[in-house]
Amino acid sequence: MKNDNATIHRIVSRIPRGRVATYGQIADLAGIPRQARRVGYAMRRLPEGSAVPWQRVVNASGEISKRGDPAGEAMQAQMLRLEGIVFHRGKISLDRYLWRPKG
DNA sequence: ATAGTGACTGGAA
DNA sequence: CTTCCAGCCACTA
């Protein structure tokens, strides 16, 4: 099985609008369990304007992961709000918004 | 080749 | 709640 960026990007592209997935979850679906960081790398590599809905990937705590660019974090939160996702004290309720493939 | 770093995570203190 | 840490491994210097 292939576990390159394309594989990760393909899975992220399956996350429905108004839903989120965690880095670890994407790693599992990509067949590389416990390699959440690799998913973070794949997101970092995405060119601006990519069709991949990278904004729907959040960390296991339901928060936007810290990165070098605070403005980018704010933009991600904004994009998610536009999809109808509600933040509560800086966090997303995973019970409510976590993507559950097939179910 | 080694060492440090990081869009992560789960467990321990 | 907060830190700290080991495991994970691609990437960079």
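None of the values given here were measured: they were computed from a predicted structure. Residue numbers begin at 1 in each chain, while the letters A, B, ... track the order of the sequences.
Rounded to a whole angstrom, the distance from the P atom of B/dT5 to that of C/dC4 is 16 Å. Separating the P atom of C/dC5 from that of B/dG4 is a span of 15 Å, rounded to the nearest Å.
Looking at A/Arg67, its side chain comes within 3.5 Å of the base of B/dA7 through a donor and an acceptor atom. Side-chain atoms of A/Arg38 stay outside donor-acceptor range of the base of B/dG6, with no qualifying N/O pair under 3.5 Å. Within 3.5 Å, no donor on the side chain of A/Arg34 pairs with an acceptor on the base of C/dG7, nor the reverse.
Of the candidates C/dC11, B/dG10, B/dA7, C/dC11 carries the atom nearest the A/Arg45 side chain, counting heavy atoms from C-beta on. Side-chain proximity of A/Tyr41 to B/dA7, B/dT9, B/dT5: nearest is B/dT5. Here the nucleotide nearest the side chain of A/Ala60, chosen from B/dT9, B/dC8, C/dA10, is B/dT9. Nearest to the side-chain atoms of A/Ala36 among the listed nucleotides B/dG10, B/dA7, B/dC8 stands B/dC8. When distances are taken from the side chain of A/Gln35 to each of C/dC9, B/dT9, B/dC8, the shortest belongs to C/dC9. When distances are taken from the side chain of A/Gln76 to each of C/dC11, C/dC8, B/dA7, the shortest belongs to B/dA7.
Counting any heavy atom pair closer than 4.0 Å across all strands shown, A/Glu73 reaches no nucleic acid atom.
Residues A/Phe87 and A/Leu82 fall into different hydrophobic clusters, defined by Ile, Leu, Val, Met, Phe, Trp and Tyr side chains chained together at heavy-atom separations under 4.5 Å. Under a hydrophobic clustering in which Ile, Leu, Val, Met, Phe, Trp and Tyr are joined whenever their side-chain heavy atoms come within less than 4.5 Å, directly or via other members, A/Trp54 and A/Leu80 fall into different clusters.
Taking atom CG on A/Asn59 and atom P on B/dG6, their separation rounds to 16 Å, with Å as the unit. Rounded to an integer number of Å, the gap from CD1 of A/Ile92 to C1' of B/dA7 is 14 Å. Rounded to whole angstrom, the span from the CD1 atom of A/Ile64 across to the P atom of B/dC8 amounts to 12 Å. Between the P atom of B/dG10 and the CD atom of A/Gln25 lies a distance of 11 Å, rounded to the nearest Å.
OP1 or OP2 of B/dT5 has not a single side-chain nitrogen or oxygen of A/Lys66 nearer than 4.0 Å.
Under a 3.5 Å cut-off, the side chain of A/Gln76 and the backbone N or O of A/Gln55 do form a donor-acceptor pair.
With a 4.5 Å cut-off on side-chain heavy atoms, A/Arg96 and A/His88 do not count as touching.
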